[in-house]
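I have placed the structure first, in the form of structure tokens, so that the comments after it can refer back to it.
Counting starts at 1 for both ligands and their atoms, in listed order.
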Amino acid sequence: MFVPPVPDAVDLVLETATIMSVLAAQRYARVDAMRRELLAEAVGRGAGVLEIVERSIRLELASAMRVTEYAAGRLIVQAEALMRRYPHAWDSLAGGRMTEKHVEILVDLVDAVAPELRESIAASAVALAETESVGAFRRGLRDLIARTEAKTLDERHAAAVRNRHVAVDQGADGMGTLLLHHPIVELHAIYGRITAMAKVIAHREGETRTLDQVRADLAADLLVDGSTDCVPTAARGIRAQVVVTVPVLSLLEGDGRPALSHGAAPADPPVVEGVGPIPLETARRLCGGDAKWMRVLTHPETGIVLSVGRERYTPPAALRRLVTWRADRCMAPGCGMPASRCDVDHQIRWVDRGETSLDNNAPLCRGHHLLKDNGDWVVRQIAGSGGAIEWLSPTKRRYVVQPERRVPVFVTAAAGDGRPPPF
Ligand SMILES: [Zn+2]
């Protein structure tokens, strides 16, 4: 006799979450219908009236729903975008296949794109939203947009960089915030350097300040005096390392060399770990020999790794780099912690005869590392997947986290078809 599966507690939560998505879609549809109806009544009352009517609709909705006018305005904008520009996203929400949060991110990010690019991006965005958690979706969509816009990335960056500035934001209790608006790659390098220095200081005997406090003191000292005398010898000369991935083709193009005859497709933009695509000009400069940059060159068509830099050959360091480069982030579901700030975890633990190898290592942030080692989750790397990690929850649910990039799998002549790898 067939016995239907009994829903567990997680199923019951999921059910309400799905219903909320379905209802959110209906609310968007009705908000848009309401706005259309009230706008139609104002037709013929002159162009200047339209703005007043829009404001009136916003106030009406805010008063009726007892929310702020700002919230009502957001709702109206989102509803209009979903009903008019992104119907597939609305369908997905109405079918409970993505959450309201996904929809908000989708509309905000895709609306900011040039109109002619929106349709193609929106189609891929819906597919992404239906599989990824909110954080991974936001990053994935930003990446997708940046790749689509790559052709104009250099010009847009050149325009944006003119707006660099420093400002002071007055706070309460005699405090404030110093704001440095500057190219993001350099900002990550600055943050990485003071963090590395601060860690050495914070671990000194008798040090009572927190890491955050030491970091702030260091930054202030360096900016006020141009130097700091509270850095122990061990932390002197620390330089930040930023991992930049540059498709080989990008470097060749515009370099006075002939373009590759089959290289008709535009190359992917250079990418900095944890930051995203950067302008090609910046990447060229970074690859010019400055030792603090780790250069990862990728094959122009396959995107797989050709080199992780020439300076180190010792397996542990090189392996660690390859493992973190492949994942880019903590490999727990939905986690956004950059890989460079994670532990490299052995899926099969060292004491259980786990190997130190690409097939057994992945970065996990401290919190997820603790959970994996001490919680009831079962975590393993899926064999032959190129680094995908499977998480089995205590309620027996399965989540798969894909790595950001692929690493080539070299087959021996005996196991493969006898031909050498394609490069
Ligand atoms: Zn994590």
Classify the ring geometry between Phe137 and His102 as parallel (under 30°), tilted (30 to 60°) or perpendicular (over 60°).
tilted
Just to be sure I understand the site: which N, O or S atoms from the protein are less than 2.8 Å away from the Zn ion (ligand 1)?
Cys330 SG, Cys335 SG, Cys365 SG, His368 ND1
SG on Cys330 to NE2 on His368, rounded to 0.5 Å:
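One finds 5.5 Å between NE2 of His368 and SG of Cys330.
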Less than 3.5 Å apart, any donor N or O on the side chain of Glu100 or Ser21 sitting next to an acceptor on the other?
no
Using the rule given for side chain to side chain contact (heavy atoms under 4.5 Å, CB included), can you reason through Asn361 versus Asp345, listing the C-alpha separation, both sets of side-chain angles and the distance that settles it, and then say yes or no?
CA-CA 5 Å; Asn361 287 171; Asp345 171 59; over 6 Å; no
Would you check, one step at a time, whether the test salt bridge (Lys or Arg N to Asp or Glu O under 4.0 Å) holds for Asp143 with Arg139?
CA-CA 6 Å; Asp143 250 28; Arg139 288 195 302 277; over 6 Å; no
Would you mind reporting whether Trp377 and Leu371 have side-chain heavy atoms less than 4.5 Å apart?
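When only atoms from C-beta onward are counted, Trp377 and Leu371 do touch, with a gap below 4.5 Å.
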